[in-house]
Amino acid sequence: MTAIANPIIAESYLHPRAFVGGEPSRDEDTSRHFKIRAADDHGQRSSTNILIKRRYEWRGYQNVALPTEQAGHRITLCATEEDEVIGTITVGLDGADGLYAEDAFCSEVQALRKNGIRICEFTKLAMGATAGSKHVLASLFHVAYTIAHRIRGFDMLLMEVNPRHVAYYRRMLGCQILGAERLNRRVSAPAVLLSLDLNYTREQIRRLGGRPEQAACEKSLYPFAFSEPEEAGIIDRLNRSVWPGKPS
């Protein structure tokens, strides 16, 4: 099955001075740009898998790899610059197969379902050492959020993160702690379960998306997200494409 018809979902430029509150001058090189697409074909999936394994093994995590093919409930995205994969994230949609987070945080996940909350999870986040920009991370997150919330209507995001990264995601995305530290058996490492109300994310993107100059006073990833018109273009491309998990 072809995911998102393989082509580009979104692309953006990496301006040299965009992250210190200034606009690039005419003489500055703004040719660096990255593209976000589904890691669907064999080459992209293989390159994405190499990045995941390299970054996770470097941190001492074990047995981290993508399945051979995209699945309808798990959509892996990759950011590429000149055909090099520089970042990736996987969107996991709750359904018959459940969520990875249930292994360590079963009671928390089941409680959300019982309360009628539609939950999803983001997993296998990896950024290349030379990616060099919060913009890439924010853009990947924004596309993943668009699939989960704007297209599929999920209410809440769950993420299992290493305890030392909890403060970062609370500050940069507005996550809340849902489950205390436990062992994530998939990677043989401790994890804390974070939650994020995707309606909150929607409001932050509406308020700050596409305004990197606000990063000097707004200490979050949201100024590096896409603007509302750019998000509308992403939604249009997703709605016109064929991809696993898309509503019929």
Side-chain angles (χ1 to χ4, degrees), residues 1-19 23-24 28-55 66-67 69-71 74-92 122-152 172-173 201 205 208-212 215 221-246:
M1 180 181 292
T2 301
I4 318 181
N6 194 354
I8 299 165
I9 303 170
E11 60 183 312
S12 190
Y13 286 84
L14 292 169
H15 296 305
R17 295 174 57 195
F19 311 110
E23 293 296 324
E28 286 184 297
D29 178 14
T30 60
S31 61
R32 283 192 65 197
H33 70 281
F34 62 93
K35 304 171 183 178
I36 296 175
R37 64 186 82 210
D40 185 44
D41 67 42
H42 177 74
Q44 287 170 350
R45 203 158 182 84
S46 176
S47 297
T48 300
N49 206 27
I50 289 170
L51 173 63
I52 291 171
K53 294 183 72 174
R54 183 172 68 241
R55 299 304 293 171
L66 289 175
E69 297 181 353
Q70 290 271 43
R74 294 202 177 272
I75 302 136
T76 298
L77 304 169
C78 63
T80 60
E81 183 182 12
E82 297 181 351
D83 295 324
E84 177 187 357
V85 175
I86 60 174
T88 182
I89 194 170
T90 293
V91 183
F122 291 174
T123 62
K124 294 183 171 63
L125 171 64
M127 299 292 295
T130 60
S133 175
K134 292 177 182 177
H135 197 163
V136 179
L137 175 57
S139 298
L140 274 169
F141 176 84
H142 193 159
V143 175
Y145 146 86
T146 300
I147 291 171
H149 182 64
R150 299 302 307 278
I151 302 293
R152 291 301 311 273
M172 301 304 270
L173 291 176
T201 298
I205 289 173
L208 295 166
R211 303 177 64 189
L221 286 178
Y222 293 113
F224 303 106
F226 293 104
S227 65
E228 281 194 286
E230 289 171 323
E231 182 186 83
I234 293 168
I235 293 172
D236 181 62
R237 284 190 289 277
L238 287 166
N239 281 331
R240 288 188 287 107
S241 302
V242 177
W243 47 282
K246 180 179 178 179

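Quick note: numbers below take in every heavy atom, side chains included, and nothing from hydrogens, waters or symmetry partners.
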Main-chain N/O of H42 paired with S46 side-chain donor or acceptor, under 3.5 Å: no
Close side-chain approach of K124 to L66, heavy-atom, < 4.5 Å: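 Yes, their side chains come closer than 4.5 Å.
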Between [X] and [Y], which heavy-atom pair has the shortest distance, and what is it?
X: G87; Y: L51; result: N-CD2, 3.6 Å
X: A10; Y: V143; result: CB-CG2, 4.3 Å
X: T48; Y: C78; result: OG1-CB, 3.5 Å
X: L140; Y: I36; result: N-CD1, 3.7 Å

Go through the structure and list residues passing side-chain contact (heavy atoms from CB on, under 4.5 Å) with [X], not counting sequence neighbours.
X: E11; answer: I8, H33, K35
X: S47; answer: V85
X: A138; answer: L221, F224

Among all residues two or more places apart in sequence or in another chain, which pass the side chain to side chain donor-acceptor pair (under 3.5 Å) test with [X]?
X: E231; result: H142, R150
X: D83; result: none
X: S139; result: none
X: S227; result: E230

Salt bridge (charged side-chain N to carboxylate O under 4.0 Å, His left out) involving R211 - partner list, sequence neighbours excluded: E213
Results of ring pair (Phe, Tyr, Trp, His ring centres under 6.0 Å) for F141 - residues two or more places apart only: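 For F141 the ring pair (Phe, Tyr, Trp, His ring centres under 6.0 Å) partners, ignoring immediate neighbours, are F122.
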Roughly how far, to the nearest 0.5 Å, is the [atom2] atom of [Y] from the [atom1] atom of [X]?
X: N239; Y: I151; atom1: CG; atom2: CD1; result: 4.0 Å
X: I205; Y: F226; atom1: CD1; atom2: CZ; result: 10.0 Å
X: L137; Y: M127; atom1: CG; atom2: CE; result: 5.0 Å
X: T123; Y: I89; atom1: OG1; atom2: CD1; result: 8.0 Å
X: T76; Y: Q44; atom1: OG1; atom2: CD; result: 11.5 Å
X: L238; Y: I147; atom1: CG; atom2: CD1; result: 5.5 Å

Any donor-acceptor N or O pair under 3.5 Å, side chains S12, H135: yes
